[in-house]
K.L.:
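Here you go, one structure.
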Amino acid sequence: MSFFGNLYREEISSRAKAVYMYLKDRSNAEGECWPAIKTIARDTSMSVSTVKRALDDLLKCGLLRKECRYRENGSNSSNRYFLK
C-alpha cells in the first residue's frame with residue numbers, strides 16, 4: 001500500500017491533498033518541515049489564500065500539527081509543520 005493510501009480516502013479537498021504531498025516531500029525523517037506559505041504557494045502554483053485554506057483543512061482533519069515560530073526580535077518566522 002502506498003504512503004498516501006489513507007490520504008486518498010480522507011474526505012478533504014484536493015488542495016489539501018496537494019499541500020500535504022508537498023509538505024511530505026519537504027519533510028525530514030521525523031515528518032517535520034518549515035516552508036513559508038509563500039514558498040508553498042509558489043511551488044504548487046496556488047494562491048497564498050488557497051494554501052492557507054488547505055493548511056486549515058489539514059489541521060482540522062488531524063493530518064497536520066502546526067507550531068508557530070518567531071525570530072529573536074519577536075517577528076513572525078515560518079511555521080513548523082508536523083505530518084501525522
Side-chain angles (χ1 to χ4, degrees):
M1 174 172 258
S2 86
F3 175 83
F4 295 116
N6 289 332
L7 180 65
Y8 299 142
R9 288 189 290 276
E10 289 289 331
E11 293 295 322
I12 59 174
S13 64
S14 58
R15 67 179 176 237
K17 290 176 182 179
V19 169
Y20 185 89
M21 289 179 199
Y22 175 85
L23 294 175
K24 177 62 181 167
D25 187 51
R26 301 300 190 266
S27 66
N28 62 19
E30 289 77 40
E32 69 178 320
C33 58
W34 44 91
I37 290 175
K38 287 182 181 180
T39 302
I40 300 169
R42 183 191 67 231
D43 290 349
T44 60
S45 301
M46 294 181 194
S47 69
V48 168
S49 59
T50 298
V51 170
K52 288 179 180 179
R53 285 192 301 272
L55 291 169
D56 285 341
D57 294 345
L58 293 168
L59 291 165
K60 287 177 187 171
C61 75
L63 290 172
L64 185 68
R65 184 172 61 87
K66 178 176 82 170
E67 178 183 281
C68 297
R69 299 185 328 145
Y70 303 94
R71 294 183 181 90
E72 287 183 19
N73 66 6
S75 64
N76 290 330
S77 181
S78 62
N79 296 316
R80 184 166 36 178
Y81 300 103
F82 300 89
L83 302 172
K84 297 184 177 184

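Just so you know, residue 1 is the first one in the sequence shown, and it goes up from there.
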K.L.:
Closer than 3.5 angstrom, by distance alone: can the side chain of Ser78 be matched with the main-chain N or O of Trp34 as a donor-acceptor pair?
P.N.:
yes
K.L.:
Assess whether atom NZ of Lys52 is packed by more than 12 heavy atoms of other residues, nucleotides or ligands within 6.0 Å.
P.N.:
no
K.L.:
Between CG of Asn79 and CD1 of Ile40, what distance do you get to the nearest 0.5 Å?
P.N.:
8.5 Å
K.L.:
Just verifying a value: how many Å separate Asn76 CG and Arg71 CZ, rounded to the nearest 0.5 Å?
P.N.:
7.5 Å
K.L.:
Between CG of Asp43 and OH of Tyr22, what distance do you get to the nearest 0.5 Å?
P.N.:
3.5 Å
K.L.:
To the nearest 0.5 Å, how far apart are CZ in Arg15 and CE in Met46?
P.N.:
9.0 Å
K.L.:
Sort out for me which residue in Arg80, Lys66, Lys84, Arg69 forms a salt bridge (Lys or Arg N to Asp or Glu O under 4.0 Å) with Glu32.
P.N.:
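Among Arg80, Lys66, Lys84, Arg69, the one meeting salt bridge (Lys or Arg N to Asp or Glu O under 4.0 Å) with Glu32 is Arg80.
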K.L.:
Please tell me whether Leu59 and Val19 are part of a single hydrophobic cluster in this structure, the criterion being side-chain heavy atoms less than 4.5 Å apart.
P.N.:
yes
K.L.:
Rounded to the nearest 0.5 Å, how far apart are CG of Asn28 and CZ of Phe82?
P.N.:
9.0 Å
K.L.:
How close do Cys33 and Ser27 get, heavy atom to heavy atom, and via which atoms?
P.N.:
CB-CA, 3.8 Å
K.L.:
Does Arg26 reach the side chain of Thr39, with side-chain heavy atoms less than 4.5 Å apart?
P.N.:
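No, every pair of side-chain atoms sits at 4.5 Å or beyond.
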K.L.:
So how far is it from Ile37 CD1 to Ser49 OG, rounded to the nearest 0.5 Å?
P.N.:
10.5 Å
K.L.:
Does a side-chain heavy-atom distance below 4.5 Å link Tyr81 with Leu55?
P.N.:
yes
K.L.:
Applying side chain to side chain contact (heavy atoms under 4.5 Å, CB included), run through Thr50 and Thr44 and close with a yes or a no.
P.N.:
CA-CA 10 Å; Thr50 298; Thr44 60; over 6 Å; no
K.L.:
Is any side-chain heavy atom of Leu64 closer than 4.5 Å to one of Leu83?
P.N.:
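Yes, their side chains come closer than 4.5 Å.
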